[in-house]
Amino acid sequence: MKKCLLVILGLALALSSAFGQQLIGVAMPTQSLQRWNQDGANMKSKLEAKGYKVDLQYANNDINTQIQQLENMITKGAKVLVIASIDGSVLSDVLKKAHDGGIKVIAYDRLIMNTPNCDYYATFDNFKVGVIQGQYIEKALDLKTKKGPFNIELFAGSPDDNNALFFNKGAMSILQSYIDAKKLVVPTKQTEFTTIAIQSWSSEKAQARMDNLIAAKYAGKTKLDAVLSPNDSLAIGIVASLKNAGYGTAKKPYPVLTGQDCDKANVKAMIAGQQSMSVFKDTRTLAAKVVEMVEAIMQGKEAPVNDTKTYNNGVKVVPSFLCDPVFADKNNYKALLVDSGYYTAADLQ
Ligand code: BGC
């Protein structure tokens with residue numbers, strides 16, 4: 001029976017590749033965040049439109065599940081693996097297997113670390129995301145002309161995600177000089193990446209940390225002017241904490257708060273004045289670029305890249321394509337998100 005099934009599976013595989021239906025594996029980290037659902041759906045539909053068969057998997061933010069899913073894709077005969085990793089540093093063994101089987105690997109959005117077997121990387125310019133956030137705070141508090149001092153608290157993303165470092169470096173490239181000049185003050189003195197990082201980009205953990213910061217320094221009269229949040233999932237937790245602590249009134253307005261992704265809930269929070277801005281990374285653009293990369297690889301060509309310097313994964317500099325992130329706030333969201341067809345107006349009500 002088992003033998004028979006294997007023969008049928010073999011025949012099906014042979015037939016599908018004979019008819020040009022090559023298998024592409026797409027591994028996404030989690031369905032709990034809106035963006036990855038969009039990324040996965042975009043990749044699947046765009047690859048299918050080009051005639052590929054797609055194995056799309058989500059790993060519930062669990063490292064072993066993701067490794068298992070990649071093993072399965074290799075067994076099923078995938079030709080290319082597109083991977084948005086959960087922990088960028090634990091895939092070396094499974095990617096060695098992929099490499100030995102002649103399978104090419106594209107790191108999707110997050111760099112895969114410490115392996116020679118990551119062939120390409122497609123992402124948004126992660127440093128620039130941080131710069132956009134830093135510049136927003138600079139402008140909102142008018143740091144160039146005002147003396148301050150203004151109080152700020154800093155958050156960073158998940159320490160196992162290489163992007164988190166880039167976002168932080170980009171933002172601090174703008175903010176650090178103001179902290180050095182004491183125009184910006186961090187009352188809790190928590191500035192180290194390891195101290196301010198939130199594991200797994202968790203909204204709950206961000207909320208708990210914000211609760212602690214408020215209890216430590218802002219229970220009395222100290223004004224909180226700004227919070228640097230690297231993305232929207234953290235911003236959701238930070239807003240929840242601020243709301244519970246009574247922010248959002250004329251006497252106690254919300255601080256300037258940054259984000260990234262333009263998740264629906266966060267665009268609504270921007271419209272409601274709880275979150276000041278977000279960074280829009282059009283997942284359609286990234287998916288389209290990765291599909292171009294897949295096509296090039298399948299035709300035995302080099303994939304398109306526009307950066308061969310920035311993303312060293314500890315073993316090599318991975319040739320990358322960086323898409324452009326864009327500033328979003330309540331003044332431009334309609335043109336950016338609704339008119340472009342990314343969301344419907346009803347999505348944001
Ligand atoms: C992505 C962000 C996302 C975060 C949490 C990062 O790697 O670049 O867009 O908000 O992961 O999922």
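The figures here come from the full heavy-atom set of this structure, side chains too, leaving out hydrogens, waters and symmetry mates. When a residue number appears, it is its place in the shown sequence, counting from 1. Whatever order the structure lists them in is the order used to number ligands and atoms, beginning at 1.
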For the 3.5 Å polar cut-off, considering only N or O atoms, please tell me whether Asp109 and ligand 1 meet it.
yes
In terms of heavy-atom contacts, does NZ of Lys252 have more than 12 from other residues, nucleotides or ligands at under 6.0 Å?
yes
Before accepting this row, confirm whether a basic side-chain N of the pair Arg35/Asp109 lies closer than 4.0 Å to the acidic partner's carboxylate O.
yes
Considering only NZ, NE, NH1 and NH2 on the basic side and carboxylate oxygens on the acidic side, decide whether Lys97 and Asp93 come within less than 4.0 Å.
no
Close-contact set for ligand 1 against Leu33 heavy atoms, below 4.0 Å:
5 (C), 12 (O)
Which ligand 1 atoms are under 4.0 Å away from a heavy-atom of Trp36?
11 (O), 12 (O)
Per-atom contacts of ligand 1 with Lys281, taking only distances under 4.0 Å to non-hydrogen atoms:
1 (C), 2 (C), 8 (O), 9 (O)
Do Tyr120 and Phe321 have ring centres separated by under 6.0 Å?
no
Numbered in order shown, the ligand 1 atoms found under 4.0 Å of a heavy atom of Arg110 are 4 (C), 5 (C), 6 (C), 7 (O), 11 (O), 12 (O)
Quick one: nearest non-hydrogen protein atom to atom 3 (C) of ligand 1, plus distance?
Asp261 OD2, 3.5 Å
Need the ligand 1 atom indices (1-based, order shown) with element for anything under 4.0 Å from a heavy-atom of Asn231.
3 (C), 4 (C), 5 (C), 10 (O)
Examine Tyr333 together with Tyr343 and report whether their ring centres are nearer than 6.0 Å.
no
Would you say Asn126 and ligand 1 have an N/O pair spaced under 3.5 Å apart?
no
Taking side-chain contact (heavy atoms from CB on, under 4.5 Å) as the test, write out the residues that go with Glu48, two or more places apart.
Lys44, Val54
Which is closest to atom 4 (C) of ligand 1 by heavy-atom distance: Tyr108, Phe166, Phe167, Trp201?
Trp201
Considering only heavy atoms of Asp161, which atoms of ligand 1 have at least one such atom less than 4.0 Å away?
6 (C), 7 (O), 11 (O)
Just checking Lys46: does its NZ atom have more than 12 heavy atoms from other residues, nucleotides or ligands closer to it than 6.0 angstrom?
yes
